[in-house]
Amino acid sequence: MAKIGINISTGSLQQKEMIVGIDLGTTNSLIAIIHPQDRNPVVLKEFSGNALVPSVIHFGNAHQISVGDEAIPFLLTEPQNTIFSVKRLMGKSYRDIQEKASFYTYKIIDDNSDSLVKIQVGEKFYSPIELSSFILKELKQRAEHILKTSVTKAVITVPAYFNDSQRQATRDAGKLAGLDVLRIVNEPTAASLAYGFGLKSDVNKTIAVYDLGGGTFDVSILSISGGIFEVLSTNGDTYLGGDDFDHAIVNYWMQQLNVSADELKNNKSLSQEFRLKAEEAKKYLSTQEVFDGKLKELNISLSKSEFEKLIHPFIEKTIASCKNALLDAGMEKNEMDEIIMVGGSTRIPFVKNQVEKFFGKPIHDNLNPDEVVALGAAIQADILAGNNKDFLLLDITPLSLGIETMGGLMDVLIPRNSKIPTKASRQYTTQKDGQSGIIISVFQGERDLVKDNRKLAEFSLTNIPAMPAGLPKIEILFLINSDGILNVNAKELRSGVEQTIEVKPQYGLTDEAVEKMLKDAIENAKEDIQTRALVEAKTEARQIVDVTVNFISKNNKILSEEEIQVTQQAITELEKLIETGNKDEIHSAIEKLNSISTPFAERVMDEAIGKAMKGKKV
Ligand code: AMP
């Protein structure tokens, strides 16, 4: 007789664990599954019928967190405590984003360095990984509430242009939220799967995916061959989208109503009223010819043709991106077999027409453009669960592979579940002046500290010619062949010195051992990530102390006694905290030392320039 299990606390029937698909978006996030009965992909909706969870996080007085619709009103009333667009910060340093720093209304620490950004809310510091994990945790809880079962496994999508560290950051966010991230999938790949392209392993197709959302635009050219997706090129603008259309409408009405820019700037609620009305008009014009409404008690209107004129320059820009993407892929527009539309702004008929006109063929737009990526992620999750027989499952790495870096941290080069054969490389450098060798320790596993992972091999790269710290470029290359053998190569690129070693990653590991390592990683994720953050803060602090001490000894003639003393005091405080402080205290002390030393550094620079100019004759 067949038996079924019933979960006594929830009353639900126990089913095979579900793997969910997650679209972790810049503006909105969604979660989708394959319906167990009809086997179709569906997005999970709250009773209210809402599937979109705004990717917004608000921190209350005691740092209690709210995510989604609840957090939205605080964007206006408490901008410093309300985080939006965190996806744009994933894997980025302050230098990467400084040109757009005014876009963010919350505090991003300006450390003028290449280390990853930190966001300050009150006295606490958060990484984009932690912030994204709050969104993922909320999605996980919603899914569990709707499905009445626990959700621990997920596929998460990222833009095709995300680099290695942005992908790793997304994985870490999932882990921190208690999710085993089985795979990171490109958003255009997910969209293609949602339309059924690439599901039969024998199709060969070239696909253009046009994704125009609220704040970002990208276009990707994909090729599918034998069930394998390859991104041939991607292009776009990470600050172009529906929000720009809303702005254009606001400007148009400001002229009509004679409202000055200053008036809007000084009146937040009026500016919000304008913006919301503009978005309402824009959406209305996706199905109607003329929008009529009221602003400040005055009548306003906008016709479809006026709206199209306003957004025309933006759409032209997206078409130019399509041309560039084709150029980079080495293809002509008539070679595209399918054109797929993704993102809320592709509901605008003018956008559809222009894209159709450019490619010279009908587009695919019958799926909800907000949901299509999440639906595809659910299909990918189903394939990984082994439920979809139309799809060929490729050999994958069961655990992540990486090397040990400063402070005993695991730096992953090849994430788990990567298709093999595969390769990955990253550059490192030395810590000490004249350092002639480095030890490379190769590890396998999902934990943040190498001591909790499995050591596979260790070798050293020697005979590096003497150079100042930070100057050597040591490239570590991991290459896994189709038999699962890992070759690790280390090469100092300036001198050409190199060394290779062969490792068998899976040797001696049973399925149960792999399972256990994964379980441990999820269970310890929170402490692991906290330890990693502390180790990283300490490493950063040590580097800043070194640089500052060096700076003072070189420039002590330019600095006053008092300046040296104040700096020295900040250094001593930071050194004490390196031994005993927590991550937030260390970051605050780094901030303090930076704010003391930056003006000195600028002055020294000015003097140096002054001296250099003196000798020159014009
Ligand atoms: P996404 O980032 O993909 O969620 O897209 C959100 C953007 O789509 C926002 O700028 C919305 O204003 C826009 N949007 C949503 N629905 C419509 C519609 N019916 N017509 C025009 N734009 C829309």
Side-chain angles (χ1 to χ4, degrees), residues 21-32 43 45 49-56 68-69 71-72 75 84-88 103 135 139 157-161 186-188 190-191 194 209-220 236-250 272-291 293 302-312 314-315 317-318 340-355 363-377:
I22 296 178
D23 171 5
L24 182 61
T26 310
T27 328
N28 292 303
S29 297
L30 291 93
I31 195 158
V43 298
K45 292 187 176 160
N50 206 355
L52 299 177
V53 178
S55 307
V56 179
D69 288 316
I72 295 275
L75 282 172
F84 63 94
S85 268
V86 63
K87 186 174 178 178
R88 295 178 197 270
F103 172 83
I135 300 171
L139 293 171
T157 58
V158 296
Y161 57 77
N186 287 323
E187 287 160 11
V209 182
Y210 178 101
D211 183 347
L212 185 59
T216 62
F217 166 70
D218 59 85
V219 55
S220 308
D237 185 335
T238 48
Y239 291 87
L240 190 160
D243 299 346
D244 296 304
F245 309 163
D246 304 346
H247 268 131
I249 300 176
V250 169
Q272 176 73 346
E273 200 186 323
F274 263 76
R275 207 191 56 72
L276 289 176
K277 198 52 104 185
E279 190 179 12
E280 185 190 332
K282 172 183 77 174
K283 290 185 178 173
Y284 187 80
L285 292 174
S286 285
T287 52
Q288 310 294 324
E289 289 302 313
V290 182
F291 174 84
L302 183 67
S303 72
K304 194 169 178 168
S305 62
E306 278 161 331
F307 171 63
E308 291 177 356
K309 249 189 253 156
L310 291 177
I311 66 168
H312 194 230
F314 298 111
I315 310 306
K317 268 190 173 175
T318 70
I340 294 178
M341 303 297 267
V342 180
S345 298
T346 64
R347 288 201 179 87
I348 300 172
F350 183 66
V351 173
K352 296 187 196 202
N353 295 342
Q354 294 298 104
V355 176
I363 50 165
H364 291 278
D365 65 348
N366 56 320
L367 291 175
N368 179 333
D370 288 320
E371 296 179 355
V372 48
V373 168
L375 296 175

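Note that ligands are numbered from 1 as they come in the structure, with each ligand's atoms numbered from 1 the same way. In this text, all values refer to a predicted model and were calculated from it rather than measured experimentally.
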Short list, please: which atoms of ligand 1 are under 4.0 Å from a heavy atom of T27?
2 (O)
Need the ligand 1 atom indices (1-based, order shown) with element for anything under 4.0 Å from a heavy-atom of N28.
4 (O)
Looking at CD1 of I249 and CG of L285, how far apart are the two atoms once the value is rounded to the nearest 0.5 Å?
7.0 Å
Side chain to side chain contact (heavy atoms under 4.5 Å, CB included) test vs L212 passes for just one of L240, D218, V219, D237, namely L240
At a 4.0 Å threshold, what atoms of ligand 1 neighbour a non-hydrogen atom of G213?
1 (P), 2 (O), 3 (O), 5 (O), 7 (C)
Does G241 have a non-hydrogen atom less than 4.0 Å from ligand 1?
no
Are any of the side-chain nitrogens in E273 or K277 under 4.0 Å away from the carboxylate oxygens of its partner?
no
Report yes if G214 has an N/O atom closer than 3.5 Å to an N/O atom of ligand 1; otherwise report no.
yes
Identify whether the distance between the nearest side-chain nitrogen and carboxylate oxygen of K309 and E306 falls below 4.0 Å.
no
Scanning both residues in full, the closest heavy-atom pair of V209 with A191 reads CG1-CB, 4.3 Å
Short side-chain donor-acceptor distance under 3.5 Å, Y210 and T346:
no
Where is the nearest protein heavy atom to atom 16 (N) of ligand 1: which residue, which atom, and how far?
R347 NH1, 3.0 Å
Enumerate the atoms of ligand 1 whose separation from the nearest heavy atom of G242 is less than 4.0 angstrom.
10 (O)
Nearest protein heavy atom with distance in Å, relative to atom 11 (C) of ligand 1
E279 OE2, 3.4 Å
How close do F103 and F84 get, heavy atom to heavy atom, and via which atoms?
O-CZ, 3.5 Å
Enter the distance from T27:OG1 to L52:CG here, rounded to the nearest 0.5 Å.
9.5 Å
Within the 4.0 Å heavy-atom cut-off, what L285 brings close to ligand 1 is neither
What's the shortest distance from atom 22 (N) of ligand 1 to any protein heavy atom, and which residue and atom give it?
K282 CE, 3.6 Å
Between CG on residue D23 and OG1 on residue T157, distance to nearest 0.5 Å:
4.0 Å
Tell me, which protein residue and heavy-atom name are nearest atom 14 (N) of ligand 1, and how many Å apart are they?
G344 O, 3.6 Å
Note the single closest protein heavy atom to atom 20 (N) of ligand 1, along with its residue, its atom name and the distance in Å.
S286 OG, 2.7 Å
Ligand 1 versus S345, non-hydrogen atoms closer than 4.0 Å: side chain, backbone, both, neither?
both
Give the atoms of ligand 1, by number and element, whose distance to some non-hydrogen atom of G343 is under 4.0 Å.
3 (O)
